[in-house]
Amino acid sequence: MPDLGFSWDAFVELNSCFWASSIVAWIDKLAAANGRAVSNETLEPANLCAVAAGKPAHRR
């Protein structure tokens, strides 16, 4: 495995921030295109958790 310059745990945490913030942008666009709110009524629990996790990183 190549040397990333930081620990595997740090990589996983950073990667999850990028992934979750990308999910927020994608879901926000889909919701707007369909005229639906992002809520537990319109998303599966795992996707709703990803949105909740990604909002702080996405808004930076």
Side-chain angles (χ1 to χ4, degrees):
M1 189 181 301
D3 179 17
L4 301 175
F6 42 87
S7 71
W8 176 254
D9 290 340
F11 169 76
V12 170
E13 184 176 347
L14 183 61
N15 188 58
S16 69
C17 288
F18 280 115
W19 177 80
S21 65
S22 295
I23 291 292
V24 171
W26 181 65
I27 287 179
D28 282 349
K29 286 178 186 175
L30 283 174
N34 290 299
R36 295 183 174 187
V38 176
S39 73
N40 63 344
E41 300 281 325
T42 58
L43 291 178
E44 295 176 348
N47 291 329
L48 195 56
C49 287
V51 168
K55 285 243 182 219
H58 180 72
R59 301 293 181 225
R60 288 183 189 166

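In this text, all values refer to a predicted model and were calculated from it rather than measured experimentally.
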Would you tabulate the side-chain donor-acceptor contacts of residues 11-20 under 3.5 Å, counting partners in other chains and residues two or more places apart, or write 'none'?
residue: Ser16; atom: OG; partner: Val12; partner atom: O; Å: 3.4
residue: Ser16; atom: OG; partner: Glu13; partner atom: O; Å: 2.7

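Considering all non-hydrogen atoms of both residues, Lys55 and Asp28 come closest at NZ-OD1, 3.9 Å.
Contact annotation: the side chain of Asn47 never approaches that of Ile23 to less than 4.5 Å [non-hydrogen atoms, C-beta and beyond]. Between Leu48 and Glu41 there is no side-chain heavy-atom pair separated by less than 4.5 Å.
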- Task: Could you walk me through whether Arg36 and Leu43 pass side chain to side chain contact (heavy atoms under 4.5 Å, CB included), step by step?
- Result: CA-CA 10 Å; Arg36 295 183 174 187; Leu43 291 178; over 6 Å; no
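Considering only residues two or more places apart in sequence or on other chains, Ala10 meets the side chain to side chain contact (heavy atoms under 4.5 Å, CB included) condition with Phe6, Ser7.
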